[in-house]
Amino acid sequence: QVQFVESGGGLVQPGGSLKLSCVGSGTGFSTYLMGWYRQAPGKQHELVASISPGGNTNFGGSVKDRFTISRDNAKNTLYLQMNDLKPEDTGVYYCNLRYKPTNWGPGTQVTVSS
């Protein structure tokens, strides 16, 4: 089964930027429709962005024009560039399959605070 490991989170001031990475194990990564999710304390996973194997992207309304999702299939790696971060972007960020996500990784904590 595919597994994911996220990295790149941290503490950033409002208006700052971070770039998250996610490495997928196993074969088939290049064929997956992938998504970045975030989970705020006490809430369920929320899909913030997705990308098709060919690079077509979609974003949640709250992050559109601020976040960019990309992938490097040769490296089994997914990225999330986050700009103009806001306190409401705080949470643990995960990557996973866009549909029927499974085997959640450890996630990476993003905290936006002054």
Side-chain angles (χ1 to χ4, degrees):
Q1 290 184 336
V2 63
Q3 293 184 322
F4 305 105
V5 178
E6 303 88 354
S7 63
L11 173 63
V12 63
Q13 292 186 343
S17 298
L18 284 173
K19 186 173 184 178
L20 308 183
S21 300
C22 163
V23 178
S25 65
T27 59
F29 179 88
S30 63
T31 68
Y32 302 149
L33 181 59
M34 293 294 300
W36 277 102
Y37 300 78
R38 69 184 174 201
Q39 187 175 30
K43 296 188 176 181
Q44 294 185 342
H45 293 92
E46 171 196 12
L47 179 70
V48 297
S50 64
I51 185 168
S52 72
N56 293 320
T57 60
N58 278 288
F59 298 92
S62 65
V63 307
K64 194 174 181 180
D65 298 328
R66 299 189 296 122
F67 290 11
T68 302
I69 186 172
S70 61
R71 66 194 298 163
D72 185 337
N73 289 331
K75 296 181 179 180
N76 279 14
T77 302
L78 187 72
Y79 302 100
L80 186 69
Q81 176 67 47
M82 306 185 295
N83 299 325
D84 190 23
L85 282 160
K86 305 177 184 301
E88 52 263 41
D89 295 319
T90 293
V92 181
Y93 283 70
Y94 303 86
C95 71
N96 211 312
L97 306 178
R98 165 60 180 91
Y99 296 106
K100 296 183 179 180
T102 185
N103 294 335
W104 294 101
T108 186
Q109 175 72 47
V110 172
T111 303
V112 185
S113 175
S114 56

Item checked: Path from Val23 to Val110 over hydrophobic side-chain contacts below 4.5 Å ->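 No, separate clusters.
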Notebook entry, point to check: Same cluster or not: are Tyr93 and Leu18 linked, directly or through other Ile, Leu, Val, Met, Phe, Trp or Tyr residues, by side-chain heavy atoms under 4.5 angstrom apart?
Noted result: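 Tyr93 clusters together with Leu18.
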Determine whether a donor-acceptor pair (N or O, by modelled atom type, separation under 3.5 Å) exists between the side chain of [X] and the backbone of [Y].
X     : Y      : result
Arg98 : Leu33  : no
Thr90 : Val112 : yes
Asn76 : Gly24  : yes

Next item on the list: Step by step, work out the side-chain contact (heavy atoms from CB on, under 4.5 Å) result for Met82 and Leu20.
Entry: CA-CA 8 Å; Met82 306 185 295; Leu20 308 183; 3.8 Å; yes
Next item on the list: Could you name each residue pair satisfying disulfide (SG to SG under 2.5 Å) that touches residues 36-68, not counting sequence neighbours?
Entry: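 Those involving residues 36-68 do not exist here.
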Next item on the list: Scan for disulfide (SG to SG under 2.5 Å) pairs involving residues 41-114, sequence neighbours excluded, and state none if there are none.
Entry: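 Every disulfide (SG to SG under 2.5 Å) pair that includes a residue of residues 41-114, provided the two are not neighbours, is Cys22-Cys95.
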Checklist line | Given Leu47, Val63, Leu80, the one that forms side chain to side chain contact (heavy atoms under 4.5 Å, CB included) with Arg38 | finding: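 Exactly one pass, corresponding to Val63.
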Checklist line | Cluster companions of Val5 among Ile, Leu, Val, Met, Phe, Trp, Tyr (side-chain spacing under 4.5 Å) | finding: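 Grouped by the 4.5 Å side-chain rule, Val5 forms a cluster of one, so the answer is none.
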Which heavy-atom pair separates [X] from [Y] by the least distance, and what is that distance?
X     : Y     : answer
Tyr37 : Leu97 : OH-O, 2.7 Å
Arg66 : Leu85 : NH1-CA, 3.9 Å
Phe29 : Leu78 : CZ-N, 4.0 Å

Item checked: Sequence neighbours excluded - side chain to side chain donor-acceptor pair (under 3.5 Å) pairs with any residue from residues 19-35 ->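 Residue pairs passing side chain to side chain donor-acceptor pair (under 3.5 Å), neighbours aside: none found.
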Working to the nearest 0.5 Å, report the span between [atom1] of [X] and [atom2] of [Y].
X      : Y     : atom1 : atom2 : answer
Asn103 : Gln3  : CG    : CD    : 6.0 Å
Thr57  : Lys64 : OG1   : NZ    : 9.5 Å
Ser114 : Leu11 : OG    : CG    : 9.5 Å

Is the shortest side-chain heavy-atom distance between [X] and [Y] below 4.5 Å?
X     : Y     : answer
Glu46 : Ser62 : yes
Tyr94 : Gln39 : yes
Asn96 : Phe4  : yes

Next item on the list: With sequence neighbours excluded, tell me which residues meet side chain to side chain donor-acceptor pair (under 3.5 Å) with Asn83.
Entry: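 In terms of side chain to side chain donor-acceptor pair (under 3.5 Å), with neighbours along the sequence ignored, Asn83 is linked to Ser17, Gln81.
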Margin query: Per the ring pair (Phe, Tyr, Trp, His ring centres under 6.0 Å) rule, what does the pair list look like for residues 52-80, sequence neighbours excluded?
Written below: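 Checked against ring pair (Phe, Tyr, Trp, His ring centres under 6.0 Å) - neighbours excluded - no pair reaches residues 52-80.
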